[in-house]
Protein chains: 2
Amino acid sequence: MTQSVPRSERASTPRSVDVARLAGVSQKTVSRVFNDEPYVSADVRRRVMAAADELGYRLNSAARALASGRTRSVGVVTLGTALYGPASLLMGIERAVRDAGYALRVVNTLEGDPAGVTGAVESLLDQGVDGIVISEPIDEGAVAVQVDVPVIVLGASPSFVAPRAVTAGVGADLLARVATEHLLDLGHETVHHLAGPQRWFAARDRLDGWRAALAARGRREPAVVEGDWSAASGYAAGRQLAADPGVTAVFAANDDMAIGLIRALAEAGRGVPEEVSVVGFDDIPVAAFVTPPLTTVRQPFDAVAQEGLRLLVHAIEKPEQDLPPANDPPVELVVRASTAQPRSRTIPGRDR
Amino acid sequence: MTQSVPRSERASTPRSVDVARLAGVSQKTVSRVFNDEPYVSADVRRRVMAAADELGYRLNSAARALASGRTRSVGVVTLGTALYGPASLLMGIERAVRDAGYALRVVNTLEGDPAGVTGAVESLLDQGVDGIVISEPIDEGAVAVQVDVPVIVLGASPSFVAPRAVTAGVGADLLARVATEHLLDLGHETVHHLAGPQRWFAARDRLDGWRAALAARGRREPAVVEGDWSAASGYAAGRQLAADPGVTAVFAANDDMAIGLIRALAEAGRGVPEEVSVVGFDDIPVAAFVTPPLTTVRQPFDAVAQEGLRLLVHAIEKPEQDLPPANDPPVELVVRASTAQPRSRTIPGRDR
DNA sequence: GTGAAAGCGCTAACAG
DNA sequence: CTGTTAGCGCTTTCAC
């Protein structure tokens with residue numbers, strides 16, 4: 001009897017029919033129970049669950065995705081660095097995605113990767129995702145991908161062109177502004193900026209915030225020094241800034257650079273905060289324990305991720321509705337010992 | 001005429017039949033081309049590709065997974081922290097997974113999460129993955145999950161019980177041993193250890209390596225101080241250790257703690273490295289720029305991830321074969337300024 | 001409240 | 001080298 005021999009000797013992994021048979025219901029009812037659909041009597045529900053439990057049944061997500069056309073997953077494109085900022089954001093995104101009931105797929109773009117964001121997005125599309133998060137992108141010129149799922153860009157990128165792309169700021173500009181104002185409030189005439197690499201939108205945001213703070217008070221805007229986020233680049237910048245006696249306050253675009261900067265300043269005999277005040281950005285774990293403890297602003301990664309995901313999920317599940325209004329992320333300045341009043345206070349003028 | 005009206009007004013997204021029709025071949029041939037199967041003439045291949053391109057065709061991974069029984073994805077369970085070590089490992093894993101031709105799905109277990117690793121693994125199983133990587137697990141007691149896919153535990157965990165579970169060390173014990181020996185070689189009679197939380201296997205490995213180095217030279221083993229990876233805990237430990245004049249060398253289980261420790265030591269008037277030498281672990285980005293620049297050991301995250309993935313992919317694709325032999329990850333000690341000879345050298349004895 | 005039938009878009013197995 | 005025939009395990013649609 002050569003009747004329906006299964007394609008392989010698939011021994012195990014029960015399917016919903018098996019559960020149905022055991023529970024004495026139809027396969028469709030099992031499906032209803034597992035999807036929390038209404039109109040299933042409590043009793044049937046219980047029987048189905050018991051049967052499923054006994055068999056060790058697990059919904060097959062591939063079959064579900066095929067039949068429903070939805071994967072219940074979102075993909076995230078990250079930069080592939082373990083830098084504190086991007087890594088923290090990624091963790092926040094994971095949590096937000098899971099809380100929203102989706103699965104997370106991750107693809108990195110390494111800086112300098114020829115395929116870049118486009119390649120990463122393509123790969124996500126190949127995998128099948130219901131939505132895409134682009135985290136802290138860098139400027140690769142205009143990126144235009146034919147995407148039919150909603151995309152949210154966390155950290156400003158007017159350069160991503162897609163039918164359903166939304167941009168959600170991470171509030172870095174505001175944070176940068178607060179950092180700069182802190183220095184100004186202390187009595188510094190102006191504030192220098194040690195910027196991040198300007199290919200990163202995150203770095204541009206911070207620069208914008210710094211610039212806005214200065215402009216709002218009519219202060220002169222010193223030349224920007226650009227680093228690459230690393231402490232080494234901060235150190236190099238520090239050697240350069242140390243030579244300029246006009247420098248009394250510096251806002252660094254991240255804590256790593258701030259730490260390198262402080263070291264160079266100290267080596268050059270310009271004590272922090274006695275001669276130069278420094279504010280960092282991120283509040284990395286060691287910020288409170290370096291010498292001197294670093295004044296910095298903390299980024300609300302979790303809040304940003306949640307907010308972004310709220311928008312994305314909305315776009316996925318209610319495509320016909322308008323996007324809900326965005327909430328501003330909280331701002332937190334952490335004042336420690338790397339900032340102080342300028343040594344020789346004069347009445348703060350508008351010029352030196 | 002109410003003939004075959006599609007279930008929705010599915011407008012677009014071409015399927016392989018559409019490509020086949022356009023290319024003038026059978027659907028199966030399209031499948032062959034997209035799977036790089038042999039025995040397709042170059043000409044047909046070209047025509048199919050052209051047709052696919054024209055239509056903007058993309059293989060449907062859900063259908064593929066359903067039909068083939070393989071998802072071509074691996075899941076990773078991480079701890080959900082942005083700590084430098086775990087975050088770096090995750091980035092390494094992403095790269096290794098992608099290089100191996102798989103997609104990556106990520107689920108975090110937050111420490112203290114009731115569901116823990118078990119819950120994370122279940123969630124991955126629900127999503128459907130061909131293999132699972134458990135990254136830097138912590139001890140939650142014996143974890144036994146009914147898993148039918150291969151599992152690799154990166155960072156030693158005899159507590160994970162599954163039919164096809166492999167453990168791949170990250171070499172932390174060896175690195176810890178090298179760090180300790182560096183201090184001993186400098187002439188310190190013994191080395192104290194500022195350990196990580198012992199629920200983490202990563203912390204235990206380091207402790208083991210430290211212990212082994214001491215034992216190999218017959219040195220006394222001082223009481224261990226345990227921190228929680230944070231600089232704050234390192235600081236607390238530092239206050240405690242500063243009070244003990246017998247402490248001349250400390251091996252800290254990560255750089256963050258080492259930095260907190262150094263600060264506490266300095267505040268207590270015990271200069272580093274004049275009075276106390278300190279070695280860290282990880283080589284975080286700022287390690288070279290704190291005061292004093294930190295001697296530390298660098299973890300070979302990429303190598304560990306690659307090695308682990310090699311084993312996992314082998315287990316997935318050649319389940320019948322034995323696992324290939326493991327390669328040892330490289331060891332790299334970075335000597336900077338936080339370590340020196342003990343101040344008053346006596347002939348190194350075996351006891352005080 | 002529940003069930004039967006008809007696919008979702010692909011790969012497996014085998015025939016040519 | 002290429003095509004045909006069956007499903008993979010679920011959701012959808014519609015009937016009861």
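Here the structure is a predicted model, which means the values were calculated and not measured. A note on names: the letters A, B, ... follow the listed sequences, proteins ahead of strands, and every chain is numbered from 1. The figures here come from the full heavy-atom set of this structure, side chains too, leaving out hydrogens, waters and symmetry mates.
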Answer yes or no: does a side-chain N or O of [X] lie under 4.0 Å from OP1 or OP2 of [N]?
X	N	value
A:N60	D:dC8	no
A:Y57	D:dC10	yes
B:R15	C:dG9	yes

(request) State whether the side chain of A:S73 and the backbone N or O of A:A103 hold a donor-acceptor pair below 3.5 Å, judged by distance alone. (result) no

(request) Might you confirm whether atom CD of B:E37 has over 12 heavy atoms from other residues, nucleotides or ligands at distances under 6.0 Å? (result)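 It does: B:E37 CD has more than 12 such atoms within range.
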
(request) May I ask you to check whether over 12 heavy atoms, not counting those of B:D43, lie within 6.0 Å of atom CG? (result)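 It does: B:D43 CG has more than 12 such atoms within range.
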
(message) For A:P38 and B:A65, find the nucleotide of DNA chain C closest to each by heavy atoms; which residue's nucleotide sits nearer the 5' end?
(response)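 Checking each residue's closest nucleotide, the 5'-ward one belongs to A:P38.
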
Distance check needed: [N] [atom2] versus [X] [atom1], whole Å only.
X	N	atom1	atom2	answer
A:R70	D:dT12	CZ	C1'	14 Å
B:F34	C:dC10	CZ	P	9 Å
B:D36	C:dT11	CG	P	12 Å
B:Y39	D:dG3	OH	P	17 Å
A:N35	D:dT13	CG	P	14 Å
A:D126	C:dC10	CG	C1'	15 Å
B:R58	C:dC8	CZ	P	21 Å

(request) Choose from C:dT11, C:dC8, D:dC10 the nucleotide whose nearest atom is closest to any side-chain atom of A:L66. (result) C:dC8

(request) Go through D:dC1, D:dT11, C:dT2 for me and flag the one nearest to the A:L59 side chain. (result)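 For the A:L59 side chain, the nearest candidate turns out to be D:dT11.
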
(request) Within residues 23-32 of chain B, find the residues that approach DNA chain D with a heavy atom at under 4.0 Å, and present them sorted by residue number. (result)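 Of all residues in residues 23-32 of chain B, the ones placing a heavy atom under 4.0 Å from DNA chain D are B:V25, B:S26, B:K28, B:T29, B:R32.
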
(message) Quick check on contacts: within residues 40-47 of chain A, what sits under 4.0 Å from DNA chain C by heavy-atom distance?
(response) A:V40, A:S41, A:V44

(message) With salt bridge (charged side-chain N to carboxylate O under 4.0 Å, His left out) as the criterion, how do B:R45 and B:D36 come out once you've worked through the C-alpha distance, each side chain's angles and the decisive distance to 0.1 Å?
(response) CA-CA 9 Å; B:R45 194 177 293 272; B:D36 273 319; 3.8 Å; yes

(request) Kindly state each residue pair satisfying ring-ring contact (aromatic ring centres under 6.0 Å, His included) with at least one member in residues 121-145 of chain A, sequence neighbours excluded. (result) none

(message) Holding to side-chain hydrogen bond (donor to acceptor under 3.5 Å, both in side chains), I want the full list of residues that pass it with A:S16, two or more places apart in sequence or in another chain.
(response)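 Here the qualifying residues are A:Q27.
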
(message) Tell me every residue that passes side-chain hydrogen bond (donor to acceptor under 3.5 Å, both in side chains) with B:R58, counting only those two or more places apart in sequence or in another chain.
(response) A:E122, A:D126

(request) Sequence neighbours left out, what pairs pass salt bridge (Lys or Arg N to Asp or Glu O under 4.0 Å) with at least one residue falling in residues 86-96 of chain A? (result) A:E94-A:R98, A:R95-A:D302

(message) On a heavy-atom basis, which atom in A:V121 and which in A:V145 lie closest, and how many Å separate them?
(response)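 Minimum heavy-atom separation between A:V121 and A:V145: CG1-CG1, 4.0 Å.
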
